[in-house]
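This report concerns only the one structure given below.
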Amino acid sequence: MAYWLFKTEPDTFSIDTLKTLGTSCWEGVRNYQARNLMRDEVKGGDKVFIYHSSCKHVGVAGVATVSREAYTDHFQFDPESPYYDPKSDPANPRWIMVDVDYERHLPLVSLAAIKANPELTEMVLVKRSRLSIQPVSESEWHTILAMAGVSA
DNA sequence: GCCAACGTTGGC
DNA sequence: GCCAACGTTGGC
């Protein structure tokens, strides 16, 4: 089982939205490196930090579990969708998504606190912040849970 | 295949 | 709203 961090803008989709839905697809990833991680490495049962970006309280806001592995993101073919990609060929879709199940909220672990923690200097979030789907190491995972005050 | 121009991300 | 970092596009 692997650990990940998925970014979302809470004004559009937040940990609260995911709790309400219970399960949701994670659509709209339009970056090749993030897509390749989702397509090749994100597996059912993997654990995911839900990270709130571009908002007042930036940071890790909750935990989800991967419930369905990569499948076609149909929003790429919908001209009404903000994720529409006219260059994607339906016979050979360019973009995929996964499904996640809500697991729990966390007391927010802020980006500032993550940056300030000497145990987390190697986190992708710290070193290369822009990637929207990121691997998280087991020790980083446990460090952040501990910062949230969660034992396991 | 290089690289300049341009677009997007995302913290502050 | 600014702007730095970085990804993508397209001419050559």
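Numbered from 1 within each chain, the chains take letters A, B, ... in sequence-line order.
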Worksheet item: Any chance the side chains of A:Gln33 and A:Arg128 put a donor and an acceptor closer than 3.5 Å?
Response: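 A:Arg128 and A:Gln33 do have a side-chain donor-acceptor pair below 3.5 Å.
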
Discussion item. Side chains of A:Asp99 and A:Tyr71: any donor to acceptor distance under 3.5 Å?
Written reply: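 Checked: A:Tyr71/A:Asp99 side chains pair up, N/O donor to acceptor below 3.5 Å.
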
Does [X] have a side-chain nitrogen or oxygen under 4.0 Å from the phosphate oxygens OP1 or OP2 of [N]?
| X | N | answer |
| --- | --- | --- |
| A:Lys7 | B:dG10 | yes |
| A:Arg128 | C:dG7 | yes |
| A:Tyr51 | B:dG11 | yes |

Item to complete: Looking only at side-chain atoms of A:Asn31, point me to the closest of B:dC12, C:dT9, C:dG7.
Response: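 Nearest listed nucleotide: C:dG7.
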
Worksheet entry | Closest nucleotide among B:dT9, B:dG11, C:dG10 to the A:Leu111 side chain |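 From the listed options, B:dG11 comes nearest.
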
Atom pair distance, as rounded to whole Å: [atom1] in [X] and [atom2] in [N]:
| X | N | atom1 | atom2 | answer |
| --- | --- | --- | --- | --- |
| A:Gln134 | B:dG10 | CD | C1' | 12 Å |
| A:Leu5 | B:dT9 | CG | P | 17 Å |
| A:Lys127 | C:dA5 | NZ | P | 16 Å |
| A:Glu9 | B:dT8 | CD | P | 13 Å |
| A:Asn36 | C:dT8 | CG | P | 10 Å |
| A:Tyr32 | C:dC6 | OH | C1' | 16 Å |
| A:Leu125 | C:dC6 | CG | P | 14 Å |
| A:Trp95 | C:dG7 | CH2 | P | 13 Å |

Discussion item. Is it the case that over 12 heavy atoms from other parts of the model lie below 6.0 angstrom from the NZ atom of A:Lys43?
Written reply: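 Buried by this count: over 12 neighbours within 6.0 Å.
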
Fill in: Output field: ring centroids A:Phe13/A:Trp26 closer than 6.0 Å
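Centroid distance A:Phe13-A:Trp26: below 6.0 Å, so yes.
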
Discussion item. Using a 4.0 Å heavy-atom cut-off, does A:Lys87 contact any base of the nucleic acid, only the sugar-phosphate backbone, or nothing at all?
Written reply: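 Sugar-phosphate, no base atom in range.
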
Worksheet item: According to the interplanar angle, ranging from 0 to 90°, do the rings of A:His142 and A:Tyr3 count as parallel (below 30°), tilted (30 to 60°) or perpendicular (above 60°)?
Response: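 Geometry flag for A:Tyr3 against A:His142: perpendicular rings.
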
